[in-house]
Enquirer: 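One structure is given below, represented as structure tokens, and several questions about it will come after.
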2 protein chains.
Amino acid sequence: MPATLESTLVSAPLPSVRRLPRYLVFLKECRNLGRVVVSCTHIAEYLALDPTLVRKDLALTGIVGKPRIGYPVDELIASIETFLGWNNTSDAFLVGVGHLGKALLGFREFEARGLRIVAAFDADPARVGTSVHGREVLPMEKLANLVERMHIHIGIITVPRDAAQQVADALVKAGIRAIWNFTITSLHVPEGIVVENADLTPSLAALSSRLKAALETAEERRMLV
Amino acid sequence: MPATLESTLVSAPLPSVRRLPRYLVFLKECRNLGRVVVSCTHIAEYLALDPTLVRKDLALTGIVGKPRIGYPVDELIASIETFLGWNNTSDAFLVGVGHLGKALLGFREFEARGLRIVAAFDADPARVGTSVHGREVLPMEKLANLVERMHIHIGIITVPRDAAQQVADALVKAGIRAIWNFTITSLHVPEGIVVENADLTPSLAALSSRLKAALETAEERRMLV
DNA sequence: TAGATTGTTAATCGATTAACAATC
DNA sequence: TAGATTGTTAATCGATTAACAATC
């Protein structure tokens with residue numbers, strides 16, 4: 001296989017990609033305050049990161065800074081947003097209109113971040129036909145046909161975890177290319193299909209673990225005094 | 001400073017901690033199927049991970065396996081749940097009763113994972129006094145007093161991002177020790193206060209980046225044929 | 001100019017993977 | 001016993017941090 005193919009198999013380093021949206025918050029604040037240029041030093045200080053790390057992250061997006069000056073704020077914002085694809089919107093389907101599914105359908109911010117949830121599906125006949133934040137809930141039977149007809153690439157799974165694999169199978173069979181999985185279930189999908197897990201449980205586990213360590217440290221410190 | 005203090009400053013490796021809940025899903029499936037023992041090989045295969053990685057993660061929880069046999073399923077489940085603190089529940093306050101805040105208040109699963117959201121607060125007078133999933137929404141003025149009286153350690157922030165820092169300040173001042181931050185805002189808190197970020201935007205950015213790479217790879221592969 | 005900042009190369013660090021002896 | 005699996009030590013890998021020349 002030629003090297004060019006191999007080279008595109010990997011996306012940009014994911015830790016870097018995940019930091020980019022946080023830079024944008026700070027940069028837009030700078031813009032609001034009328035700042036014209038900003039340095040990695042300032043960004044890094046605000047986000048409690050290493051300046052070199054920020055510099056490498058920004059370089060990923062293709063921007064070139066000026067030594068001693070920094071980066072033009074407007075240009076940097078545009079560069080990051082283009083890199084993240086926040087300019088051209090992707091359409092997505094959502095499956096499972098429970099508490100979380102409804103909340104996601106209500107997030108207007110997604111559209112400014114390149115994601116438009118254009119349809120919602122549910123297996124529960126009682127939910128089908130109802131309207132959630134202006135979108136009618138459709139029956140699962142319509143999923144496959146609509147994915148193909150509307151060239152949908154992204155499926156969002158917000159069903160109970162026991163149903164997640166089954167829904168993933170249906171989405172993949174219908175031709176979806178990426179799944180945003182809000183269940184803790186580890187999905188099995190064919191090679192080449194992207195699964196991004198967004199279930200909250202791992203984050204909660206990390207929170208508990210860190211809190212426990214912090215409380216123990218504080219307790220020990222107290223005992224030493 | 002003595003070495004013992006230093007040693008407790010760090011929690012367990014967070015990547016490991018984040019994987020533990022996913023092991024539990026598989027283990028409980030095993031239990032339901034009547035399996036008595038399970039090996040790292042099986043867990044790793046199911047979750048598409050390296051067996052050694054799984055073994056080290058499990059060792060973190062203190063369990064000891066039997067060569068050639070594996071681990072007793074029941075014991076392993078108990079070991080992980082104890083390690084994660086899913087047995088003894090922590091009380092938490094939630095601030096910001098919008099779409100997401102309401103959805104979180106509706107998640108009954110949190111209680112089985114050691115988190116009980118005991119009260120909700122909002123700055124909007126129109127929301128104060130209403131009831132969400134059986135909990136009355138309280139005014140921000142009551143926050144500080146109740147945190148202290150109820151010995152609350154965890155604050156959940158689900159307000160609009162512009163209000164996040166202000167809410168974090170109020171929580172910290174009231175004596176909270178850990179913040180589960182559902183906004184993209186990078187919070188500034190005193191040393192020793194834990195901030196776990198759970199905003200969806202970084203995950204969405206990773207999804208987009210990976211999808212883009214996957215589509216490009218597929219396209220290149222198509223061109224080569 | 002002087003010096004803050006960029007871009008880049010090298011060193012470090014931590015997590016993952018490989019290797020292998022011990023063992024039920 | 002034979003061999004699958006554990007626990008552990010060593011090697012690898014990737015991300016972060018340090019060092020430093022180039023430069024506006």
Side-chain angles (χ1 to χ4, degrees), chain A residues 6-7 9-20 22-23 26-27 30 35-73 75-76 79-80 83 186 202 205-206 209-210 213, chain B residues 6-7 9-20 22-23 26-27 30 35-73 75-76 79-80 83 186 202 205-206 209-210 213:
Chain A
E6 199 65 24
S7 69
L9 271 166
V10 290
S11 71
L14 293 179
S16 300
V17 173
R18 288 183 213 273
R19 280 188 295 266
L20 292 176
R22 293 174 61 208
Y23 298 159
F26 177 65
L27 291 169
C30 287
R35 296 204 54 154
V36 176
V37 291
V38 67
S39 74
C40 287
T41 323
H42 291 129
I43 301 176
E45 196 174 336
Y46 186 81
L47 300 190
L49 298 171
D50 186 281
T52 308
L53 185 67
V54 175
R55 202 167 296 124
K56 289 200 171 176
D57 287 347
L58 300 184
L60 264 184
T61 70
I63 195 151
V64 175
K66 285 196 180 64
R68 195 183 129 82
I69 309 292
Y71 305 84
V73 174
E75 204 180 307
L76 186 48
S79 180
I80 295 175
F83 181 81
S186 302
S209 173
R210 296 169 63 198
Chain B
E6 198 65 25
S7 68
L9 272 165
V10 290
S11 72
L14 293 179
S16 300
V17 172
R18 289 185 213 271
R19 280 187 295 266
L20 292 176
R22 294 173 60 208
Y23 298 159
F26 177 65
L27 290 169
C30 287
R35 298 205 53 156
V36 177
V37 293
V38 66
S39 74
C40 287
T41 324
H42 291 129
I43 301 176
E45 196 174 334
Y46 185 82
L47 299 190
L49 298 171
D50 186 281
T52 308
L53 185 68
V54 175
R55 201 166 297 123
K56 290 201 171 176
D57 287 348
L58 300 184
L60 264 184
T61 70
I63 195 152
V64 175
K66 284 196 181 65
R68 195 182 128 82
I69 310 291
Y71 304 83
V73 174
E75 206 181 305
L76 186 49
S79 180
I80 295 176
F83 182 82
S186 301
S209 173
R210 296 169 63 198

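Proteins get letters first, then strands, A, B, ... in listed order; numbering begins at 1 in each.
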Enquirer: Give the nucleotide from the list dT6(D), dA22(D), dT17(D) with an atom nearest to the side chain of Ser39(B).
Expert: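 Output: dT6(D).
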
Enquirer: Return the CD1 to CG distance between Ile63(A) and Leu76(A), rounded to the nearest 0.5 Å.
Expert: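 So the gap between those two atoms works out to 4.5 Å.
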
Enquirer: Consider the side chain of Arg68(A), meaning its heavy atoms from C-beta on, and name the nucleotide among dT6(C), dT23(C), dA4(C) that approaches it most closely.
Expert: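 Nucleotide nearest to Arg68(A)'s side chain: dA4(C).
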
Enquirer: Would the base of dT6(C) count as contacting Lys56(A) through its side chain, where contact means a donor and an acceptor less than 3.5 Å apart?
Expert: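 Donor-acceptor pair under 3.5 Å: no.
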
Enquirer: Check every strand shown and say whether Thr52(A) touches a base, only sugar-phosphate, or nothing at a heavy-atom separation below 4.0 Å.
Expert: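 Base contact.
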
Enquirer: Could you check if a side-chain atom of Cys30(B) sits within less than 4.5 angstrom of a side-chain atom of Ile43(B), using non-hydrogen atoms only?
Expert: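 No - every pair of side-chain heavy atoms lies 4.5 Å or more apart.
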
Enquirer: Pro13(A) or Arg55(A): which one's nearest nucleotide on DNA chain D is closer to the 5' end?
Expert: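 So the residue in question is Pro13(A).
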
Enquirer: Would you check if the side chain of Ser79(A) reaches a backbone N or O of Thr61(A) as a donor-acceptor pair within less than 3.5 Å?
Expert: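 Side chain of Ser79(A) to backbone of Thr61(A), a donor-acceptor pair under 3.5 Å: yes, one is there.
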
Enquirer: Would you tell me if any nitrogen or oxygen in the side chain of Tyr71(B) comes within less than 4.0 Å of OP1 or OP2 on dG7(D)?
Expert: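 For dG7(D), OP1 or OP2 has a side-chain N or O of Tyr71(B) closer than 4.0 Å.
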
Enquirer: Would you indicate which nucleotide in dT5(C), dT17(C), dT17(D) comes nearest to any side-chain atom of Asp50(A)?
Expert: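 That would be dT17(D).
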
Enquirer: Set out, in order, the CA-CA distance, both residues' side-chain angles and the distance that settles side chain to side chain contact (heavy atoms under 4.5 Å, CB included) for Cys40(B) and Leu58(B), then state yes or no.
Expert: CA-CA 9 Å; Cys40(B) 287; Leu58(B) 300 184; 3.9 Å; yes

Enquirer: When you measure from the side chain of Pro15(B), which nucleotide among dT23(D), dA15(C), dT17(C) comes out closest?
Expert: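 Nearest to the side-chain atoms of Pro15(B), counting from C-beta on, is dA15(C).
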
